[in-house]
Structure formats: C-alpha cells, structure tokens
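Structure record follows, encoded as structure tokens.
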There are 2 protein chains.
Amino acid sequence: MDNKPFLDYIKNFIKLTDEEETILLSKTVHRKYLKNQYIVQQGDICKSVNFIISGSTKAFYMDLEGQEHIVMFSIEDWWTSDLGSFITQTPADFNLQCIENTELIQFTYENLEYLYKAIPKLERLFRKIVERAFVASQKRIIRNFSLTAKERYQIFKRTYPKIEQRVPQYMIASYLGITKEFLSKIKSQLIHDQ
Amino acid sequence: MDNKPFLDYIKNFIKLTDEEETILLSKTVHRKYLKNQYIVQQGDICKSVNFIISGSTKAFYMDLEGQEHIVMFSIEDWWTSDLGSFITQTPADFNLQCIENTELIQFTYENLEYLYKAIPKLERLFRKIVERAFVASQKRIIRNFSLTAKERYQIFKRTYPKIEQRVPQYMIASYLGITKEFLSKIKSQLIHDQ
DNA sequence: AAATGATGTTAATCTAGATTAATATCTATT
DNA sequence: AATAGATATTAATCTAGATTAACATCATTT
C-alpha cells in the first residue's frame, strides 16, 4: 500500500526518524471505500480520523426536514472526521460519505492516544493541523455573513478548483448554503455578465 | 496578579509540576485593557493568544461597507486571538476589542514557541483547546445554514446566558448574522408567542 | 438504442430577513 | 435636571434567495 503521500504530508510539519515512521504506520489502517459508502453515519460514534490518499469525501448534516448541509469536502492530502464525535467519543452530528472511490489512512481513537504517548511530536503535528482547520472554518463563517451567494461561489471556484470539477453542482450549492436552483441561476448570470 | 483561574483551567487538560507552572507564568504577560480598547486591529499582525481572566471581548471583521461581523465573543476562562494571523504571523483579518474592562494573560508567538520546547506537554494542551474551538466553529456553520434566525437566537441565549446579559443587542444581532432591527422583531415575537 | 435514474436548467411565485426612517429609551456628562 | 450620544423599537417597503414545478440533459444498465 502506498503510504508515501501521507509521509510526505507529515514532513511539512515535523521530522520523524525511520523508527518513528514505522511505529506510526504500524498503528494506522489503510482502507478503501467505494463511491457512496459511508465512513461514519450521523448518530454513530466516529471511530477514526482519516487522511485521504486518493478520492474525495463530503461531511454533511441531515436536518429534520431531510435536507443535506455539507460542512466540508475533503480530497487527497487532506483529512476527514467528525472531530467533535471523535474527541469526545459521543454520537456524530455529521455523516462522512465518499463521493468517489476513496483510499485513506485511518487513526482510531485508541491508536492515536497510543501514538501521542509513543511519539509526543505528534501532538505538535495534530495541533498544527487542527489550527489550520479552525482558521479555515472561521474564515468561512465570515464569508457566509459578509458576502452574497454569487461572491461565495466565485471564491469557492478559485479556492477549490479541483473539487469543483469532481463534485456535482447540487453538492456545491449545499456547501455554499443555497439551493441548486439558485446556483444554476448564479452560473447563468456569470456567463451572461460577460 | 491573580493567575489562579488560568492554572485551574489548565488542570482540566494536563498536569504541570510546580516548576513547570513557574516557567509557564514567567513567559506570559498579565495585562489589563479598558472597555473599547483594541487588543488587535485588522491588518496588524496578531502578536498574542490571550486567556481572559475577567471581562469580555469580541472578535469582528469590518467589511468593505463598514459593517461589523462578529465572529466570536469571549469571556472569563476562554481565549481570544486572531489565530490565523498569529500562527502565520501575517496581517489579521479580525479586530479584537474589549467590550468591558478586561484582564488577560498573553502568550506572544516567541514565548509560546519557547514554551512548546521547554514544556512539550503544552502541545497537548493547545491541541485540545484548538480541537474544541474547531468543533464549536463547525457546529456554528451548520446552525447558520439549517436554522432560522429565531432558532439561532434561542440557542444563543441558552448556550451563552452570561454573554447575553453583558453585551448590547446590536452585537448579538451581528453575531447571529442578522440586523439589529430584525433581532428586535424576533424578540417581540418571542414575547407575544406566549 | 431505449429506458431509468440522477443531475441540471428555467421561470413564476413566495418569504425571511434587509433597508430606511422615524421615534423611544437608556446612560453619562456637565 | 438637561443635554448628547449610544442603544433599542416599530413599521413600511424592498430584495436575495427559497419553493414549486415543468422540462432538459447526461450516464448507466438492459
């Protein structure tokens, strides 16, 4: 199995010895999911944080009217989890579902706690990863409040060009917090604008 | 100066020896701000993460039309910073301003990096703190998308009863992403509902 | 290649929340 | 206690985006 993308990713944050890399990998599971398979379902306890080697996932919340609200897309070299459920080991608010066939590296709660003890440097790694995720989340809140749907869509396209091409429009609408019909309208406006 | 609230807070996450506590405190600054003073202004580099001993602050973004959008309130026993600016040492997106007279403990970038080396357990502390902040931020995104303004206001009241009483209505409206006029309407509806 | 299901578009109508503006209340300061 | 500035309320009108519904296109399976 190909762990190289993961080890390369980690090198951006911390340096590990060969021995540490071996310990780290020994406590992870490499796993493949098919398109549409669930990694976690709302209400279950989220058992892992997952680093994506290939493919893509969406994290979404299903509201009382049965509507999906996408919180996050994840593709190669990024993470997916319901972190709230994972860190407290309580039922998940979100579903994690694969949009494409997806290959990922999984850290279970127990293994990750073990690893924090065995390789304390990993605390630093995950601190930095979560810091970045938090900052992105805060910026998204601001964008949702201060920009129109059209502006948010344009930023989305610029920021995540890879995702735009691989994900159906209606999921992008959900991520932007608008209906698919309104996204369709925005797109035709953007074409006619010039 | 009274560091007890801070040391008590930390004990929820990690155990420190007396010696470690001393090192930790030696690398922090205890500071008082008056009502309305800025801790950081948008465009400046955010020089500290701040633990609040007493008082309250708001983190807000001023948009191109001059409108304030409040990202976060912070009161005693919680943190405030523009973490994006702090971790990358680049210009801040947000202003941090005191709502009341506020007393806080400041960690500068250099001191915190020093402390991570001197007391590696602090990586764990801050990992856990940021994890919680991230989870709260994600939940807020979901709430903003899937609930009406009235529902969000009711949740806000339940979740932050202390803040509701200490902060003017128009700031709560900004935090909820609505106008002060509309919040006023919601409040009178809630009174007349029953 | 026809049929089925998933995805996308267009247009008409509707509504949550914004905007504007006038008035009221509360809080400090002299 | 009078004035000024900050905060809150109310009501009329307006708009970004939702809803509904009909139709179009694309992909997959037989």
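Atom set for the values below is all heavy atoms of this structure, side chains included, hydrogens, waters and symmetry mates excluded. Proteins come first, then strands; the chains are lettered A, B, ... in the order of their sequence lines, and each starts at number 1.
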Inset, instruction - Would you kindly say whether A:Q41 and A:N95 are connected by a side-chain donor-acceptor distance under 3.5 Å? - result: no

Legend entry - Test: B:R127 and B:E123 ion pair at under 4.0 Å: no

Legend entry - Derivation of the side chain to side chain donor-acceptor pair (under 3.5 Å) call for A:Y160 and A:Q165: CA-CA 9 Å; A:Y160 304 107; A:Q165 271 131 46; over 6 Å; no

Inset, instruction - Write down the distance between CD (B:Q165) and C1' (D:dT7), rounded to a whole number of angstrom. - result: 17 Å

Inset, instruction - In plain terms, say whether B:K58 and B:E68 are close enough for a salt bridge, that is, a side-chain N and a carboxylate O under 4.0 Å apart. - result: yes

Inset, instruction - Please report, rounded to the nearest Å, how far the P atom of C:dG8 is from the CD atom of A:E164. - result: 10 Å

Hey, what are the protein-to-nucleotides 28-30 of chain C N/O distances that come in under 3.5 Å?
none

Legend entry - Within residues 156-163 of chain B: residues closer than 4.0 Å to DNA chain C (heavy atoms): none

Legend entry - Under 4.0 Å protein heavy-atom contacts per nucleotide of nucleotides 9-19 of chain D, with B for base, S for backbone only and - for none: BB------BSB

Inset, instruction - On the 0 to 90° scale, with breaks at 30° and 60°, tag the B:F73-B:F156 ring pair as parallel, tilted or perpendicular. - result: tilted

Inset, instruction - Would you mind listing every salt bridge (charged side-chain N to carboxylate O under 4.0 Å, His left out) that reaches into residues 75-89 of chain B, with sequence neighbours excluded? - result: B:E76-B:R166

Inset, instruction - Give the dot-bracket string for DNA chain D, reading 5' to 3', where a pair is Watson-Crick or G-U wobble with both distances under 3.5 Å, ( ) marks pairs inside the strand, [ ] marks pairs crossing earlier ones, | marks a partner on another strand, and . marks unpaired. - result: ||||||||||||||||||||||||||||||

List every contact pair, protein side and nucleotides 23-25 of chain C side both N or O, where the distance is under 3.5 Å.
none

Inset, instruction - Look at B:R124 together with A:E113 and state whether they make a salt bridge at an N to O cut-off of under 4.0 Å. - result: yes

